[in-house]
Amino acid sequence: MDEEQKKAKTPKKLNPKRTPAREQDPGTRKKNFEEVSFGYGLEEALLEAARCLGCKNRPCVAGCPVGVPIPEFIAAMVNGDLAEAYRIIRSANVLPAVCGRVCPQENQCEGVCTLGKKHEPVAIGRLERFCADWQRKNGVQAKPEPAAPTGMKVAVVGSGPSGITCAYDLARLGHEVTVFEALHEPGGVLFYGIPEFRLPKKIVTGEIDTLRQMGVRIMTNSVAGKLITLDEMMKEFDACFIGVGAGLPRFMGIPGEDLNGVYSANEFLTRTNLMRAYKFPEYDTPIKTGKRVAVIGGGNVAMDSARTAMRLGAEEVTLVYRRSEAELPARAEEVHHGKEEGLRFEMCTLPTKIIGRDGWVKGIECVRMELCEVDQSGRRRPNPLAGSEFEIPVDTVIMAIGTGANPLLTGTATGLALRRGYIEADPETGKTSIPGVYAGGDIVTGAATVISAMGAGRKAARAIHEYLSSRKR
Amino acid sequence: MHRILEKKLLRPPDVFFFKVSAPLVAAKAKAGQFVIIRLHEKGERIPLSLAGIDPSAGTISLIVMAVGKTTGEMAALEEGGAIKDVCGPLGNPTHTENAGKVILAGGGFGIAPLYPIGKAFREAGSSVVSVMGARSKSLLIYENEMRGISDKVLITTDDGSAGMKGIITDALKAELEASGADTVMAVGPAPMMKAVCDATKPFGVRTIVSLNAIMIDGTGMCGGCRVHVGGQTKFACIDGPDFDGHLVDWDCLINRQRMYKTEEKESFEAWKKRHNLP
Ligand SMILES: Cc1cc2nc3c(=O)[nH]c(=O)nc-3n(C[C@H](O)[C@H](O)[C@H](O)COP(=O)(O)OP(=O)(O)OC[C@H]3O[C@@H](n4cnc5c(N)ncnc54)[C@H](O)[C@@H]3O)c2cc1C
Ligand SMILES: Cc1cc2nc3c(=O)[nH]c(=O)nc-3n(C[C@H](O)[C@H](O)[C@H](O)COP(=O)(O)OP(=O)(O)OC[C@H]3O[C@@H](n4cnc5c(N)ncnc54)[C@H](O)[C@@H]3O)c2cc1C
Ligand code: SF4
Ligand code: FES
């Protein structure tokens, strides 16, 4: 489409700005765990949907890791057929209510939206969320009818987004699916990691209920590698998908990390989300937040920890990140929200030591970093500046510097090829070194995104289906 | 839901025995492993060692000392009641291959998890000496069970009401002086395990301990159970719970165990008040 045509197609009064979504006021929301954004109402959603140009070349679809037919679902909205809009999204994405909330849209569909070249891109994520929420509220049946039973049994290990998607697709194809989940609640990071104020847990449990209604058996408290090994699983099942995530928290290896008051982000978030420590003592699990909190890291996990600490009553929360603000890997919206809520940023700063007194944290010693030439990751490499040492007084330190591969299952699986602890799998099919065993999500790629884990689960389901069909013949 | 098939007061007033239905766990569990339980929807997850494993009956035995809110609440459950979640088996089994002569040192209810461990050592051909300590005779538990799997049982009480008067390390040192040992395994409160390690160190005997760090998931995901062993950070739930006791940083463990003292007290007191308990 050339410039002339585009102008002709664009409605005369195209709003260059996206329709804002109503949000809780920062001063109020930083004291509660309610969702930050209320999402669109019908009127706002239709207003925003009308901004879409319906581009023939569909750059947004190419930008979506699972290829949601974006202009088509938006067109259905404009036509007033919300059920159809939902159906279109759901054909490509089984967790739209989740993805509409947590996908890094600015790097995906919205990042390449045609409108974004001159104006603000269409708020695709908010529209997706609107359709999903509308569907839930209006009780339209989401459950598709599964195909006739194939008599084939598949084990899915892990109930994060990769496992959920894989289980859903396999069940739809008529296979008998059993999900093994280590924790007492299914959902993976969606349940234990991402906080309530960003992704209400009832949305996650709703999706899990749909899975159950489709006949998927979910075995919680079932740690694969302990309760059942991969070898045993392959005797009992015809195929297996591994989506156990990358949940092993890393520490920096600096002095003082064993002091009381030092948390991994995983522990801090698990206590809060999975165990509901924010409702202590109504719920039994305690958490210690302290008055002053430092969060080390700059990704979504760091932002979630920092904003959780704030909601737990911390008076001053500081994000300590070794590169500059421009390089923060967190979703832009979360950084923006964090700032509104009063989060402090110490950029280009590296902690070198945690200082303690009587076994408890009392501060962190830091050094300033200088950003040098661009490294392999494409980001500027940080180097410590001599003589720039300083101290931040804090009661609590949360380490959000990344996770590694958990050896619990992989360590007990004979013949499963690994690379630095992660499972080696074909990116197109999830095929591993063991016939019939497939893998996807963070345990293959390292910590990534919800949508990429879902994409991997879907590809693996297709490959498993082909594998089982060929075996049947 | 896991039914409580049997419950008894093992040692008044606060140590209880539970037999719980958990067929899948019982089928896989080995001596030295533990489970993480959650009593109800609002409960916390707490680790408990396996004090008995019966794969044919599909049951596991747990011995619980009521020290706080969750263990207190569990102690109030009755036969026929149920535990919401039982997750396991977790942790690595104790290496119970033939280790020559093994001394088992159990402090308090720590003797209970040593029962399946001792049994496994014996079955593998080791000779087993059990050393059990308590403040007085009435506080001893599992004595008959331990006699059943030991070649010799040594008892110490602080007041001399049973066995030798003194503390567990006195009997342990005497046994090591008299006839040595190839392995010592200690389970109990951290200060007790630390004392055992101090006692065995001069003898150069390999000493295995089972570390009871505060845990949540038990799968390596939270890192809350981290302990310092031989200068390295380890996760007690997936790297342990057994470690070489001579390499453990005990002060670090003991400090980390008291992280939630204030909150634990608050939660326990509130619960007792709600139930009109002293
Ligand atoms: C705090 C936080 C915030 C995030 N925010 C975002 C965001 O805003 N947007 C985004 O796109 N991504 C975000 N991510 C990343 C995203 O959540 C992950 O990439 C995604 O969840 C990975 O999915 P998965 O299916 O591979 O595994 P996970 O979600 O990690 O789930 C794995 C599941 O497997 C279970 N498991 C592990 N081992 C075993 C075993 N041996 N036996 C049985 N079960 C086992 C685990 O308990 C878990 O439930 C965030 C991550 C975190 C931690
Ligand atoms: C591997 C392992 C095996 C154990 N086996 C047994 C056993 O067989 N029988 C038994 O009675 N106890 C056992 N424990 C200890 C038991 O888990 C604690 O006594 C229990 O968690 C206390 O909870 P509470 O709410 O009753 O008391 P609280 O008042 O909360 O705590 C009392 C003390 O218990 C410890 N503790 C508290 N919460 C936890 C937690 N989530 N994880 C671990 N420790 C905690 C703390 O050091 C605390 O000071 C074991 C612990 C571990 C790590
Ligand atoms: S690129 Fe943007 S404007 Fe074009 S179809 Fe996609 S959402 Fe609509
Ligand atoms: S209990 Fe969470 S890592 Fe060990």
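Proteins get letters first, then strands, A, B, ... in listed order; numbering begins at 1 in each.
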Side chain, backbone, both or neither: which part of A/Ile287 has a non-hydrogen atom closer than 4.5 Å to chain B?
backbone

Using only atom types and a distance under 3.5 Å, with no angle test, would you say the side chain of A/Ser264 pairs donor to acceptor with the backbone of B/Cys222?
yes

Set out, in order, the CA-CA distance, both residues' side-chain angles and the distance that settles side chain to side chain contact (heavy atoms under 4.5 Å, CB included) for A/Tyr192 and B/Met221, then state yes or no.
CA-CA 10 Å; A/Tyr192 77 72; B/Met221 184 270 279; 3.6 Å; yes

Choice from B/Val35, B/Ile36, B/Val86, B/Asp251 maximising heavy atom contacts with chain A below 4.5 Å
B/Val86

Atom NZ of A/Lys288: over 12 foreign heavy atoms under 6.0 Å:
yes

Does atom NE2 (B/His246) have a neighbourhood of more than 12 heavy atoms from anything else shown, all under 6.0 Å?
yes

What's the spacing between B/Arg256 CZ and A/Leu259 CG if we round to 0.5 Å?
9.0 Å

Looking only at heavy atoms, what is the nearest atom pair of B/Thr219 and A/Ala182, with distance?
CG2-CB, 4.0 Å

Mind telling me whether B/Tyr260 and A/Tyr263 have parallel, tilted or perpendicular rings, with 30° and 60° as the class edges?
tilted

Passes side chain to side chain contact (heavy atoms under 4.5 Å, CB included), A/Asn260 versus B/Lys261? Steps please.
CA-CA 11 Å; A/Asn260 286 347; B/Lys261 271 265 130 54; over 6 Å; no

Chain A heavy atoms under 4.5 Å from B/Glu41: which part of the residue, side chain, backbone, both or neither?
both

Applying side chain to side chain donor-acceptor pair (under 3.5 Å), can you list everything that pairs with B/Asp85, at least two apart in sequence or on another chain?
A/Asn221, B/Arg38

State, to 0.1 Å, how close A/Leu227 and B/Pro89 come at their nearest heavy-atom pair, and which atoms those are.
CD1-CD, 4.0 Å

Please report the closest heavy-atom contact between B/Arg258 and A/Trp360, naming both atoms and the distance.
NH1-NE1, 4.0 Å

For a 4.5 angstrom cut-off between non-hydrogen side-chain atoms, does B/Phe235 reach A/Leu248?
yes

Heavy-atom contact with chain A under 4.5 Å, split by part of B/Ile214:
side chain

Report which part of A/Glu181 has an atom under 4.5 Å of a heavy atom belonging to chain B: side chain, backbone, both, or neither.
neither

Interchain contact, B/Asn92 with chain A, by part (heavy-atom threshold 4.5 Å)
both

Most heavy-atom pairs under 4.5 angstrom with chain A, which of B/Lys69, B/Glu264, B/Lys84?
B/Lys69

Who wins among A/Ser222, A/Gly253, A/Pro281, A/Pro286 for the most heavy-atom pairs under 4.5 Å with chain B?
A/Pro286

Do you know which two heavy atoms are closest between A/Gly359 and B/Asn255, and how far apart they sit?
O-ND2, 3.0 Å

Main chain of A/Lys226, side chain of B/Lys28: is a donor-acceptor contact present, judged purely on distance under 3.5 Å?
no

Winner by heavy-atom pair count (cut-off under 4.5 Å) against chain B, out of A/Thr229, A/Thr220, A/Val262:
A/Val262

Taking atom CZ of A/Arg212 as the centre, report whether more than 12 heavy atoms of other residues, nucleotides or ligands fall under 6.0 Å from it.
yes

Is B/Lys272 atom NZ crowded by more than 12 heavy atoms from other residues, nucleotides or ligands, each under 6.0 Å away?
yes

Neighbour count above 12 (heavy atom, 6.0 Å) for A/Lys202 NZ
no

Quick check on A/Phe280 against chain B: is it the side chain, the backbone, both or neither that has a heavy atom closer than 4.5 Å?
side chain

Atom CZ of A/Arg357 with >12 non-hydrogen neighbours under 6.0 angstrom:
no

Please find the pair of heavy atoms, one from B/Gly220 and one from A/Pro249, that lie closest to each other, and give the distance.
O-CD, 3.3 Å

I'd like to know if the side chain of B/Asp217 and the backbone of A/Leu183 have a donor-acceptor N/O pair within less than 3.5 Å.
no

Using a strict cut-off of less than 4.0 Å between a Lys/Arg side-chain nitrogen and an Asp/Glu carboxylate oxygen, indicate whether B/Arg226 and A/Asp258 qualify as a salt bridge.
yes

Chain A heavy atoms under 4.5 Å from B/Thr70: which part of the residue, side chain, backbone, both or neither?
side chain

Most heavy-atom pairs under 4.5 Å with chain A, out of B/Ile216, B/Ile238, B/Thr262, belong to B/Ile216

